Every structure is written in C-alpha cells, then in structure tokens.
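All figures in this text were calculated on a predicted structure; none of them were measured in a lab. Counting begins at 1 with the first residue of the sequence. No hydrogens, no waters, no symmetry mates; every other heavy atom, side chains included, goes into these values.
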Amino acid sequence: MWLLGLISAQAQAIVYCNITDVRCDVLSNGIQVTVASDGILEYQHPTEQWQPRYWSGKSLTLLFPGARSKFGRNFIDVSKFPVSFIQLSIPTTAQEGVGILLTVSAMANTDFRISQAANRQSVIITVASTRTLEKGAGATATSGGEAQLTVETRNGTASVHAVNADVHEVFARVAQALNLDVAVDDGVDRRISVFMADVPGEDLLRAIARAAGLALVKTPDGTFMVSAGVVEDLATYRLTETRSFRMHNIQASSAAQLLPTFIFPYLHQNKPQNAVVVTAQEDMLEKIEADLRAIDKAPPQIMIEVLAVEFIDTREAERSLALLHNTAGSADTYDSTLGDISYSTIGVLPEEFLANVNWLKSKGKAVIKAQPKMAVLNGGQARIFIGSTRFIEVEVSQWGSVSRRIQGVNVGVTLDISPWTGESREITTTIAPTVSNISELDSETGLPVLSTRDAKTQVRALSGETIMIGGLSLEQAQVTSHKTKVLGDLPLIGKLFRRKATQRTESLLVIFVTPRLLDERGRLPEAERESIHKRFLESDHGWQEPATIEVKRSGDRLSWRETVATPASGS
C-alpha cells in the first residue's frame, strides 16, 4: 500500500521547466525572438492543442503549458521594427503557476515563423520585416536599453535613480554609499527601474527589494540578506517565513484560486485544517493575509419555503387562483386546459388564498401535499420530491437464471431550486420542475411506462415574495384485476372469468416557492419572523394560543373570522 501511495503521489506531481531567458536579436530581414529554458520547452496554440508553424497578423500568442518563468520580467519593450513589445503572463487555467503565455506584438501586420531548437530547450520566433535592418542595431530584449544608475547621499539618506539597472549593482552602490552590509544571492538575476529621493538606508533597501519582488532579511549582526521571492533553494528559504491562515467561511482551495495566479508558487493547502499555508518574505505575507481575510466572507444563506397544493377539482383551482389575481394584482390568470408549465410572481401570498385552501382541504377538494422549509447557501441547490414511490415486481435474467426483485418508481413532481443573490435583496431563483406519471403498462413486459415533462426557468423576486408554478397536472391510472376463484385459473376458458378495471384520476398541482434571505446568524430578519408567525401574538403575558379561523363560503364569495384565545389573568 505504501508503494502504491508513493507511485500515486509521484504521478500527481506537476512536471515543468523554467523559462530562463527571452532574447531578441536583429536580423537583416526581421527580428528573431528566442525563448530559452532549462528543460524541454513545449508550445502550442493558446486555446487548441496544436503547434502553429506560421502565423500572420499584428500579434502572436503562444502557450507554454509546462513552463514557469524564471526570467524575472513580464514586459519587454523592444521598440525595433517590426516588434513593439513582448509580454509574458500566467493564464487563468494554470495549475500551481505552471503555464506561460507569451505574446509578441508587432507594429503592423506581419508574418511569424515558429520553430524549435534541436535540443528542444528553445523556441525561436522569427518576425519578418519589410525593411532592411542593420544587424546589431537597437537594444536586445535582455538588456532592454542602456542601463542608467545614479546614487546620491545626504544627511544619512539616499536618492536612487535607476533605469534598467542590474539589481546587484543597485544594491552594491546603495550599500557602499550608506556604509551598509548587503549580500545578494547569486540566483537573483533581474533588472530594475526605480526613482526614490531622500530615503533612509534600511527603508531604501526594503523599498528596492519590494519593487523587484525580492526577499530581504536583516540578520542579528546587521547584515541585509537579499534573495529571490519564490523559494527554490536553501538560501532563499532561510530568508522567508511560513504562516498558516485558516479559512472560516470558504474552502482553502477556493481561497487560493481567488488570488492572482502569479503567487501560486507561494501557496499551499492544508485540507485537514482548511488552511492556506504561505511561504514568502514578511511584507508579502502581510499582503497575502490581508487578501485572504478580505475574501474569507460567509456566503449569504437563503431559506426556501415551498407550499404544494393539489386541487382535486380543477374548477376549484381556477377559482382559487383567481383570488390571487384579484388580491395580489401581479399573478397571471390560469387556464387548466393548457398543458404548459407556467411561472409568475405574485408578491406575498394573501390570507384570502390560504383561508380558501384550508376550506377546500376541509371539504376534501384540495390536499396540501408538502410544506417543507430548507436553507441553502447562496447558489446552492435544493431538491424536493412531491409524490409517491410505486413498487413493482421485475424479472431479471442473469447468468441463465431468472430472478424477481422489487423496484421502486417515483411518480410525482421533482423540484430543483437554486437561488442566488447579490448586494440587493433581490433573489434570482432557477427552478426546474419535472413531472412524471405512469401513463400505461407495457403489454409485453408489464413494466410501467413513465410520461415525463420538465421545464427550467429563472425568476427574479424580492425576499419574501412568492413564485407560483402552475400547469403541473397529474394523471394517474390504476389497474385492478378481478377473477373468479378456481374458474379464473382454468386454461383456455379462464380468461372468461377474469376482468380488469382501469380507474383514471386527474388533479392539478400548484407549487408556491418563497425564497427569504437569512441574516449572518442563519435566521430570518426580525420583521419577516414576526410576519411568518403572525398567528402567535406577543403580549405582556408571553405568547398566546394560536388563532382560530372560522371560514364561510357562499358561491364565489369567501369570508372568515379570526378569534384569539386570551390567556387567563395572572398567567
């Protein structure tokens, strides 16, 4: 097992090479860009897995999927016809910082020719020119122009003016001018352009290191040690710190992915502790910590209330939904003859409708199929099944033998609900209902044939507003068999003493979905909580008994009276 785990870990390791240099040479008929690495350097089209050999246009972009950059610069100002500049970046799809995009921008439409060196450690891009160029003219991408460096001191402070200067030379000149001990690691290879005036010595060194993306540590004897920011050797590791930042509201993997891709080499994940482990210099640690705390926010929670009412009589359904149209004012009229699933926002469910449903329930003309409440994270998914599971006997043939087993078939309505919200109190809800009915039994297999209808939509409503879903008609067919004892089992004439009766029922299911925003503690706001629990009236004596509702109906008119039990005095 240990050996298998070792092999698996090695298989998951990301293999990469490092881009060490981007050189730009002037030819008589164009510019030659050489991208060099310390290993096998593969390249491809940035969005498709093929290797272009020729390209025409004003720019060329190549993807090096198995490479990281140790070049130290991401922008190279060439400014030599026909090349304007060269830019390196990390694509958003890069894993652990492995993957480099290289873009060569031209001053005009031109032809690019791409080839690979014999040792496959370099990719050569030749940019054709319509002009005859003098070889050696102009600056190369490595030098980036003539270097300039001036260091002046005054009253213990220093002013630095550097243009494309080697960072070793900058630190050496500053250390000499201010009489400081500075040691720069040989692995640091980059150029820098800065301008700082009258800055104290230690602050100046830290500012230069920060601008160049380097780590700077002051040892107990007063020596300043400078190394590359990314830990790749023991010298750099000794100048960095490691901290663990535990996430409280989001996963550590998600937090790391939300940070810029170029700092992926600094980040590691500790899944058991749900923490992001960072190894970097102190100032970068502080910056990463601030960014992690900024994104480690609790996502909103949304409570989903669902009321599923099945109307046995479709005429009563039309009357009840007409109440919504008259009271809420924003509901659509509903026609039960239509087979389509319809959606509408009706505001807050009126008391008249709820009272009417209770009245129909008492008369056996409506059934409240479900009334669940559940809380989901912002953008999460809730699934509700309203129906029943029918069990049938199925014959299964396996290895030449026939066996029987009981199999369940879900018949009813499955509702997938996914709400999400932003800064406002508006909630966008994705609703996908699926209606399944047993339409008939297969004459050959005897298995039920399911009739399924589904739909999907997005509806926007305020917190506490109700979304109505109509058109969910349920048709059920129940087949019962009858036979006369003994005679029904006789061959040939037995079918004369057997009969089947099919009973079909049709009902209309209307579902009301009410999303409500919860507060940071996962509770309803006080105002909405009081509205939902309005049947419980708060007084000086505590909570009173629930209200009693007496409903009367005359034709299409509905009236009700609500009485509240008053607690005995002294209670």
Side-chain angles (χ1 to χ4, degrees), residues 6-25 31-53 55 60-76 78 86-104 112-127 140-144 166-168 185-191 212-215 227-237 240 256 260-268 279-280:
L6 178 61
I7 295 175
S8 176
Q10 291 176 346
Q12 294 178 359
I14 298 179
V15 180
Y16 64 91
C17 64
N18 297 296
I19 294 178
T20 58
D21 190 18
V22 178
R23 189 175 66 255
C24 188
D25 298 315
I31 301 292
Q32 181 174 282
V33 179
T34 303
V35 184
S37 71
D38 58 5
I40 303 300
L41 184 62
E42 300 289 346
Y43 76 95
Q44 66 183 53
H45 188 274
T47 58
E48 302 175 9
Q49 294 184 352
W50 59 280
Q51 291 185 336
R53 298 294 183 182
W55 195 264
L60 167 70
T61 300
L62 296 179
L63 171 64
F64 301 98
R68 284 182 174 177
S69 178
K70 287 186 64 178
F71 182 52
R73 300 167 59 193
N74 57 15
F75 184 85
I76 305 164
V78 181
I86 301 172
Q87 185 171 5
L88 288 83
S89 61
I90 301 177
T92 57
T93 56
Q95 296 184 6
E96 299 184 12
V98 177
I100 296 294
L101 281 175
L102 182 138
T103 300
V104 180
F112 299 87
R113 185 172 72 249
I114 307 101
S115 61
Q116 203 165 21
N119 60 5
R120 299 180 62 190
Q121 293 187 358
S122 299
V123 172
I124 302 170
I125 305 169
T126 303
V127 188
T140 66
T142 303
S143 63
D166 184 273
V167 72
H168 288 263
D185 184 46
D186 291 339
V188 176
D189 182 18
R190 64 193 63 183
R191 293 178 175 273
L214 301 174
S227 66
V230 180
V231 178
E232 295 181 344
D233 51 37
L234 182 59
T236 305
Y237 177 69
T240 58
T261 56
F262 73 89
I263 66 171
F264 282 178
Y266 300 90
L267 309 179
H268 303 277
T279 299

Donor-acceptor pair, Q51 side chain versus Y43 backbone, under 3.5 Å?
yes

Determine the interplanar angle of the W55 and H45 rings, folded into 0 to 90°, and report it as parallel if under 30°, tilted if 30 to 60°, perpendicular if over 60°.
tilted

Would you check if the side chain of Q87 reaches a backbone N or O of L101 as a donor-acceptor pair within less than 3.5 Å?
no

Chi angles and distances behind the side-chain contact (heavy atoms from CB on, under 4.5 Å) call for I90, F264:
CA-CA 10 Å; I90 301 177; F264 282 178; over 6 Å; no

Measuring from I100:CD1 to Y16:OH, what's the distance to the nearest 0.5 Å?
11.5 Å

With rounding to the nearest 0.5 Å, note down the distance linking CD in Q121 to CG in L41.
9.0 Å

Under 3.5 Å, side chain of D21 to main-chain N/O of A36, donor-acceptor pair present?
no

With sequence neighbours excluded, residues passing side chain to side chain contact (heavy atoms under 4.5 Å, CB included) with N74
none

For the CG atom of L63 and the CD atom of Q49, what is their distance to the nearest 0.5 Å?
9.5 Å

First locate atom CG of L102, then atom CG of L60, and finally report the distance between them rounded to the nearest 0.5 Å.
7.5 Å

Excluding sequence neighbours, so at least two apart, what forms side chain to side chain contact (heavy atoms under 4.5 Å, CB included) with I124?
Q32, T34, S115, T126

For the atom pair CD1 (I31) and CD1 (I86), what is the distance rounded to the nearest 0.5 Å?
9.0 Å

Derivation of the side-chain contact (heavy atoms from CB on, under 4.5 Å) call for V78 and V33
CA-CA 10 Å; V78 181; V33 179; over 6 Å; no

Kindly compute the distance separating CG (N119) from CD1 (I40), expressed to the nearest 0.5 Å.
7.0 Å

Under 3.5 Å, side chain of H168 to main-chain N/O of V188, donor-acceptor pair present?
yes

